[in-house]
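Below is one structure; the comments refer to it alone.
Computed over heavy atoms, backbone and side chain alike; hydrogens, waters and symmetry mates excluded. Every chain is numbered from 1 and lettered A, B, ... according to where its sequence line falls, protein lines coming before strand lines.
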4 protein chains.
Amino acid sequence: MARGVNKVILIGNLGQDPDTRYTPNGNAVVNLNIATDESYKDRQTGQLVPKTEWHRVVMFGKIAEVAGQYLRKGSKVYIEGKLQTRKWQNKEGQDVYTTEVVVDINGQMQMLDSRGSDGGGASQSAPAGRPQQSTPAAQPQNSPPPAQSSGYNQSQPSQGSSMPEPVDDFDDDIPF
Amino acid sequence: MARGVNKVILIGNLGQDPDTRYTPNGNAVVNLNIATDESYKDRQTGQLVPKTEWHRVVMFGKIAEVAGQYLRKGSKVYIEGKLQTRKWQNKEGQDVYTTEVVVDINGQMQMLDSRGSDGGGASQSAPAGRPQQSTPAAQPQNSPPPAQSSGYNQSQPSQGSSMPEPVDDFDDDIPF
Amino acid sequence: MARGVNKVILIGNLGQDPDTRYTPNGNAVVNLNIATDESYKDRQTGQLVPKTEWHRVVMFGKIAEVAGQYLRKGSKVYIEGKLQTRKWQNKEGQDVYTTEVVVDINGQMQMLDSRGSDGGGASQSAPAGRPQQSTPAAQPQNSPPPAQSSGYNQSQPSQGSSMPEPVDDFDDDIPF
Amino acid sequence: MARGVNKVILIGNLGQDPDTRYTPNGNAVVNLNIATDESYKDRQTGQLVPKTEWHRVVMFGKIAEVAGQYLRKGSKVYIEGKLQTRKWQNKEGQDVYTTEVVVDINGQMQMLDSRGSDGGGASQSAPAGRPQQSTPAAQPQNSPPPAQSSGYNQSQPSQGSSMPEPVDDFDDDIPF
DNA sequence: TTTT
DNA sequence: TTTT
């Protein structure tokens, strides 16, 4: 029903492994931090000045499952989503606003590494490798709760699919 | 030099008149608040539930001049820019992060109203109409300073151009 | 399932009324010609040199119905779709290739005129106004058949909906 | 001066090595064929049905030089450009229309392979490797002349740059 | 704070 | 063939 357009397109690399959580009804929600590089040459010195922009990305549904399973720290990825700003309260009770790129059923994701992030070893490394909570970046310090944090749990996998099943058009059940 | 892609595309309406400022060297910097509407029909009630996302947009250069001159509260506009998160300090000395859509020389703007925002009266209303300082919004409450706030002044026009001079292409020498 | 990205974004005006047809099973297929203007100022003469690019656009499903009902010659529209090249045979039996922008269930459309194309008169003019067969254009002269031309008919409306029902995310049944 | 938007975004792989030519004044013009994959699962059989769309891409300027030097058959690439349809005459003197994605100074290119297409060996393979004329694809058979074919030559390099010099931003004076 |  |  949108009477507007709200579109974000990013190509960048993950700053850390995805943070996967699950809604009470078992839907995956994945938080990513994606760096887009815009290093530029200083016109005085001719030096290459590094300039990195960090983006908080939240994924839902089937895309989230694939992302959680196959993306890893350093993975290069294309994502298409929309801008959304959430309000939450820090421990001092102050309103804080966090802007995220939301990738839902209307969004898209493409893994841009040779074949998945780590050559198929995704499933092996996964069991041990998901518990990081690490540096959320982008809006750090008093870092915001993950999107829709109410009652997530971080372990229960929604199902044990083993094939990648590339995503981006799909029939999903998460209401946005 | 970018080794990444960082692109935002919005079509929406201005929540208020543009806030135009000038750098010490006379370059225009315009702040906009753009609403993108994503109202949706509730699947229970069938009611249309309004859902609006607000975006802080900062424009620079020639695009900023055109925007400041022709856009007004309510104007519908297409913009293409990039995501950028700035850190600033609120009066309590706490770090606050504000994410904006930056429209610079690589960005684009298209006015989508019939002919300018207000039927050609833009130039007339402009002389009187620029002095608003108004609510910068989007990440309100302890609202962030406008982008690159150091030493702006809000009156000195960089020059007295009177024709719109549509922007987004630039003087080029490659023949197409 | 795409392992790639194929995306087109256009904002332009219709060169003529939409050409609406229906598949045997009643699904709407709409062909549009959209002009994107890129007029530029000649650097010698300072003259504004008109330069228009014409795009063949094919829409399917609910988007097609809305487009056929509300867009008219001159309407300004935002569309998002994908590139597709079809092969067909001209009357001399030679292969001809036609590239179109396909707007399907993954695409998007936004009408950018004040309120629909013609101020609400859409529904009145529609009953009488759909029978144009007119010049399909863009790759003219031995012009290509409309997309999926096999067995369309141009009259049977798929249903008599009267409200606009804005589109762009939807549950559709046309297989792409 | 554009009063419209005409934007194409592709991520895909080269069907063959780039075809590099030079204008009389030494500017590079590169033609690419890029495949975007949209394989889908057949809903009857459950089989994965391959579906590939081929795109003719024409690049100019510095982007063209980088593309010609570093991209190779199979390279994965992100490009952003605009749609353009050219008219030319086949040997029977008939008008033929060819639609291409033009990547000029307003466009963008990103190489998405690990480090260039072939791990830095680009320069070695280049001297021997540019003379292909091969299958132009997309609008094959009576294939169109390369864009702006008048008087190209395929050998003279515009200069012997050796570093990649990533492109898509340009020397700017606005500080970001 | 906008728009329909 | 549109628009400004």
Inset, instruction - May I ask you to decide if B:E53's main-chain N or O and A:Q84's side chain share a donor-acceptor pair within less than 3.5 Å? - result: no
Rounded off to whole Å, could you give me the [atom1]-to-[atom2] distance for the [X] and [N] pair?
X	N	atom1	atom2	value
B:L48	E:dT4	CG	P	14 Å
C:I34	F:dT1	CD1	C1'	12 Å
B:L112	F:dT4	CG	C1'	13 Å
B:K51	E:dT1	NZ	C1'	16 Å
C:Y78	F:dT3	OH	C1'	19 Å
D:R3	F:dT3	CZ	P	13 Å
B:K76	F:dT3	NZ	P	19 Å
C:D17	F:dT3	CG	P	11 Å

Legend entry - Sole residue of D:K87, D:K82, D:R56 in salt bridge (charged side-chain N to carboxylate O under 4.0 Å, His left out) with D:E100: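 Among D:K87, D:K82, D:R56, the one that satisfies the salt bridge (charged side-chain N to carboxylate O under 4.0 Å, His left out) with D:E100 is D:R56.
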Legend entry - Under the salt bridge (charged side-chain N to carboxylate O under 4.0 Å, His left out) test, residues paired with D:E80 that sit two or more places apart: B:K7, D:K7
Taking the side chain of [X] as heavy atoms from C-beta outward, which of [options] is closest to it?
X	options	result
B:D37	F:dT3, E:dT3, E:dT1	E:dT3
B:N33	E:dT1, E:dT3, F:dT1	E:dT1
B:N13	F:dT2, E:dT3, E:dT1	E:dT3

Inset, instruction - For D:N6, enumerate each residue passing the side-chain hydrogen bond (donor to acceptor under 3.5 Å, both in side chains) test, keeping only those at least two apart in sequence or located in another chain. - result: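 Residues passing side-chain hydrogen bond (donor to acceptor under 3.5 Å, both in side chains) with D:N6: none at all.
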Inset, instruction - Determine the contact category for C:T52: base if any of its heavy atoms lies under 4.0 Å from a base atom, sugar-phosphate if only primed atoms, P, OP1 or OP2 are that close, otherwise nothing. - result: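 Contact class for C:T52: base.
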